[in-house]
Q: 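Below is the structure I would like to discuss, written out as structure tokens.
Position 1 is the first residue of the sequence; numbering continues from there.
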Amino acid sequence: MSRRRIGFWYRFAAVLAKPPLVVLFKRDWRGMEHIPQEGGFITVVNHNSYLDPLSYAHYQYNTGRVPRFLAKNSLFKGGFVGAVMRGTGQIPVYRETADAVSAFRAAVEAIDKGECVAFYPEGTLTRDPDMWPMEGKTGAARVALITRAPVIPVAQWGANEAVPPYAGIKKIRFFPRKTLKVLAGPPVDLSRFYDREPTAELLREVTGVIMDAITQLLAEVRGEPAPAQRYDRRRMLPRGRREPGARTAVAGEPAGRAAGEEAAVGQEPVGRVAAEGESA
């Protein structure tokens with residue numbers, strides 16, 4: 001199987017979601033030529049609004065290659081939303097449970113079948129005060145090294161201007177119409193990491209390369225230089241509190257070396273696809 005058919009549920013979801021997006025937003029889409037037309041691949045996308053999954057899914061749907069997102073398992077439970085999530089083939093993530101690893105196994109299987117799996121490698125909406133990508137988790141890097149599939153970096157901007165992250169309903173502003181900007185870049189070259197032992201340090205380095213590619217694209221989209229350092233939400237204060245603004249990892253250097261990186265990562269068996277909580 002070289003590529004996934006769009007199928008009924010994805011087309012049904014598109015019928016529901018595309019009209020409001022077309023009415024409420026303008027579009028500036030670039031880089032579609034970098035989305036592979038055949039075979040399995042990975043997309044890695046920055047995350048700065050609750051509308052991001054709809055915005056990005058709209059973009060990629062129009063390329064003819066639909067993404068499968070990793071999403072928290074609660075979205076799959078009953079009701080209409082759950083039916084759509086299951087019907088469109090999204091991948092549930094069971095955070096902090098023994099079943100968490102199954103999401104990454106499912107991602108590998110999907111790619112091997114010729115499908116696209118979309119990662120938000122930050123694992124959540126950015127906490128960066130200026131809305132640049134944060135330090136990434138290593139899930140996308142793990143899957144990339146196992147499958148050796150193309151990794152397509154994607155930057156998006158604009159949905160956050162209508163629906164800011166963590167903002168109350170009073171701050172939502174659809175008018176005047178905002179522009180949904182999406183830019184996909186060429187595959188990230190990870191070949192130098194193949195055939196090397198997937199240690200915690202290597203996975204952090206691969207993740208840093210991936211996050212750098214996304215950040216560079218976002219700088220192009222925003223028309224401004226990215227910060228020299230990347231925000232690290234894992235940096236801890238005494239008594240387990242998190243410092244809300246520590247930029248610790250320099251862009252272009254291996255990511256995740258700041259204090260507070262999960263120690264368990266370095267203790268995982270070599271080659272294991274372990275969940276780190278990435279979500280859509």
Q: State, with a plain yes or no, whether a side-chain heavy atom of Y231 is found less than 4.5 Å away from one of P129.
A: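 With C-beta onward as the side chain, the pair touches.
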Q: Rounded to the nearest 0.5 Å, what separates atom CE in M85 from atom OG in S74?
A: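 It is 9.0 Å, given to the nearest 0.5 Å.
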Q: Step by step, would you call E220 with R30 a salt bridge (Lys or Arg N to Asp or Glu O under 4.0 Å)?
A: CA-CA 11 Å; E220 181 177 345; R30 293 178 285 155; 3.6 Å; yes
Q: Of all heavy-atom pairs between A14 and P19, which one has the smallest distance, and what is that distance?
A: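 Between these two residues, the closest heavy atoms are O-CD, 3.8 Å.
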Q: Distance only, no hydrogens: is a donor on one side chain within 3.5 Å (strictly under) of an acceptor on the other, for D52 and Q156?
A: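 The answer is yes; a qualifying pair exists.
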Q: Using side-chain heavy atoms (C-beta onward) and a distance below 4.5 Å, is L16 in contact with F80?
A: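 Result yes, sub-4.5 Å side-chain heavy-atom pair found.
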Q: List the atom of G40, the atom of P150, and the distance in Å for their closest heavy-atom pair.
A: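 Minimum heavy-atom separation between G40 and P150: O-CD, 3.5 Å.
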Q: Counting distance only, does the side-chain N/O of T147 pair as donor-acceptor with the main-chain N or O of I111 below 3.5 Å?
A: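 Absent.
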Q: Partners of R27 by side-chain hydrogen bond (donor to acceptor under 3.5 Å, both in side chains), sequence neighbours excluded?
A: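 Residues passing side-chain hydrogen bond (donor to acceptor under 3.5 Å, both in side chains) with R27: none at all.
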Q: Hey, any chance V66 and V84 share a hydrophobic cluster, counting ILVMFWY side chains that come within less than 4.5 Å of each other, even indirectly?
A: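 Different hydrophobic clusters.
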Q: Please give me the minimum heavy-atom distance between A162 and F174, naming the atom from each residue.
A: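 Residues A162 and F174, closest heavy atoms: CB-CD2, 4.1 Å.
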Q: Side chains of L203 and L145: does their closest heavy-atom pair fall under 4.5 Å?
A: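 Yes, their side chains come closer than 4.5 Å.
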Q: Does V154 reach the side chain of I214, with side-chain heavy atoms less than 4.5 Å apart?
A: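 Sidechains of I214 and V154: no contact.
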Q: Is it the case that one hydrophobic cluster holds both Y56 and I6, taking links as side-chain heavy atoms less than 4.5 Å apart, direct or via other members?
A: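 Y56 and I6: one cluster.
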Q: Please lay out, stage by stage, how E224 and R222 fare under the test salt bridge (Lys or Arg N to Asp or Glu O under 4.0 Å).
A: CA-CA 6 Å; E224 57 185 291; R222 293 175 60 168; 3.4 Å; yes
Q: Donor-acceptor pair, R65 side chain versus P36 backbone, under 3.5 Å?
A: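 Flag set: sc R65 to bb P36 pair under 3.5 Å.
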Q: Taking E122 for its side chain and G136 for its backbone only, find out whether a donor-acceptor pair lies under 3.5 Å.
A: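 Pair absent, no side-chain N/O of E122 close to backbone of G136.
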Q: Please determine whether side chain to side chain contact (heavy atoms under 4.5 Å, CB included) holds for the pair L190 and V206, giving the CA-CA distance in whole Å, both sets of side-chain angles, and the decisive distance to 0.1 Å.
A: CA-CA 7 Å; L190 301 177; V206 174; 3.9 Å; yes
Q: First locate atom CD of Q60, then atom CD1 of I35, and finally report the distance between them rounded to the nearest 0.5 Å.
A: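 It is 5.0 Å, given to the nearest 0.5 Å.
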Q: With heavy-atom distances below 4.5 Å as the criterion, would you say the side chains of D232 and M134 are in contact?
A: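 Counting from C-beta outward, D232 and M134 never come under 4.5 Å.
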Q: Would a distance-only check, ignoring hydrogens and angles, find a side-chain to backbone donor-acceptor pair under 3.5 Å from N160 to G158?
A: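 Here the side-chain-to-backbone pair exists.
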Q: Once you round to the nearest 0.5 Å, how far does OH of Y120 lie from CZ of F69?
A: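 If we round to the nearest 0.5 Å, Y120:OH and F69:CZ are 4.5 Å apart.
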Q: Which hydrophobic side chains are connected to Y166, either touching it within the sub-4.5 Å cutoff or through other members that do?
A: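 Hydrophobic cluster check, Y166: joined to Y50, L125.
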Q: With distance as the sole test, does Y10 use its side chain to make a donor-acceptor pair with the main-chain N or O of P67 at under 3.5 Å?
A: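 Yes: the side chain of Y10 pairs with the backbone of P67.
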Q: Hey, are the side chains of M131 and P165 touching, using non-hydrogen atoms and a 4.5 Å cut-off?
A: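 A side-chain contact under 4.5 Å exists here.
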Q: Nearest 0.5 Å please: distance from the CZ atom of R196 over to the CZ atom of R192.
A: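 With rounding to 0.5 Å, CZ (R196) is 8.5 Å from CZ (R192).
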Q: Report yes or no: do V45 and L54 belong to one cluster of Ile/Leu/Val/Met/Phe/Trp/Tyr joined by side chain heavy-atom distances under 4.5 Å?
A: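 No.
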Q: So, T207 side chain and A141 main chain: donor-acceptor pair closer than 3.5 Å or not?
A: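 Here the side-chain-to-backbone pair does not exist.
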Q: Spell out, as yes or no, whether a donor-acceptor pair under 3.5 Å connects the side chain of R173 to the backbone of K170.
A: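 It does hold such a pair.
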Q: Under a 4.5 Å side-chain heavy-atom rule over Ile, Leu, Val, Met, Phe, Trp and Tyr, are F41 and Y61 clustered together?
A: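 They do share one cluster, since a chain of ILVMFWY contacts under 4.5 Å joins F41 to Y61.
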Q: Regarding R177 and the six-membered ring of F25, is the cationic atom NZ or CZ under 6.0 Å from the ring centre and inside 45° of its axis?
A: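 No, R177 does not sit over the ring of F25.
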Q: Within the side chain of Y59, is there an N or O that forms a donor-acceptor pair under 3.5 Å with the backbone of M32?
A: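 Side chain of Y59 to backbone of M32: a pair is present.
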Q: Under the 3.5 angstrom rule, does the side chain of T179 hit a backbone N or O of K181 as a donor-acceptor pair?
A: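 Side chain of T179 to backbone of K181, a donor-acceptor pair under 3.5 Å: no, none is there.
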Q: For a quick test of reading the model, state the closest non-hydrogen atom pair linking N46 to P133 and the distance between them.
A: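 Taking every non-hydrogen atom into account, CB-CG, 4.2 Å.
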Q: Which heavy atom of A106 sits nearest a heavy atom of I91, and at what distance?
A: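 A106 and I91 have their closest heavy atoms at CB-CG2, 3.9 Å.
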Q: So which heavy atom on P187 is nearest to which on P153, and how close?
A: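 What the structure gives for the nearest pair is CA-CD, 4.4 Å.
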Q: Could you tell me if the side chain of I152 sits less than 4.5 Å from the side chain of V44, heavy atoms only?
A: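 A side-chain contact is absent here, since even the closest heavy-atom pair is not under 4.5 Å.
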Q: Specify whether F12 and W9 have parallel, tilted or perpendicular ring planes, treating 30° as the upper limit for parallel and 60° as the lower limit for perpendicular.
A: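 Geometry flag for W9 against F12: perpendicular rings.
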Q: With the side chain counted from C-beta on, respond yes when P121 and M211 share a heavy-atom pair under 4.5 Å apart, and no when they do not.
A: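 Yes, close enough: below the 4.5 Å cut-off.
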Q: Relative to the ring of W29, is the ring of H58 parallel (under 30°), tilted (30 to 60°) or perpendicular (over 60°)?
A: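 Perpendicular: the ring planes of H58 and W29 meet at over 60°.
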Q: Just checking, any donor-acceptor pair under 3.5 angstrom between side chains of E201 and T199?
A: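 Absent: no donor and acceptor within the cut-off.
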Q: Within this structure, what is the CD1-SG distance for the pair I42 and C116, rounded to the nearest 0.5 Å?
A: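 Here the rounded value is 8.5 Å.
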Q: With a 4.5 Å cut-off on side-chain heavy-atom distances among I, L, V, M, F, W and Y, is there a chain of contacts connecting F119 to L75?
A: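 In one cluster with F119: L75, no.
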Q: About how many Å separate NZ of K137 and OG1 of T124, when rounded to the nearest 0.5 Å?
A: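 These two atoms lie 8.0 Å from each other.
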Q: Salt bridge (charged side-chain N to carboxylate O under 4.0 Å, His left out) with D189: which residues, sequence neighbours excluded?
A: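 Here no residue qualifies.
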Q: Under 4.0 Å between a side-chain nitrogen and a carboxylate oxygen: does that hold for R230 and D128?
A: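 Looking at R230 and D128, the cut-off is not met.
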Q: Hey, is E115 close enough to R68 for a salt bridge, meaning N to O under 4.0 Å?
A: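 Salt bridge between E115 and R68, a charged N being under 4.0 Å from a carboxylate O: yes.
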Q: Give the C-alpha distance, both sets of side-chain angles, the deciding distance and a yes or no for side chain to side chain contact (heavy atoms under 4.5 Å, CB included) between F104 and I146.
A: CA-CA 11 Å; F104 294 89; I146 290 172; over 6 Å; no
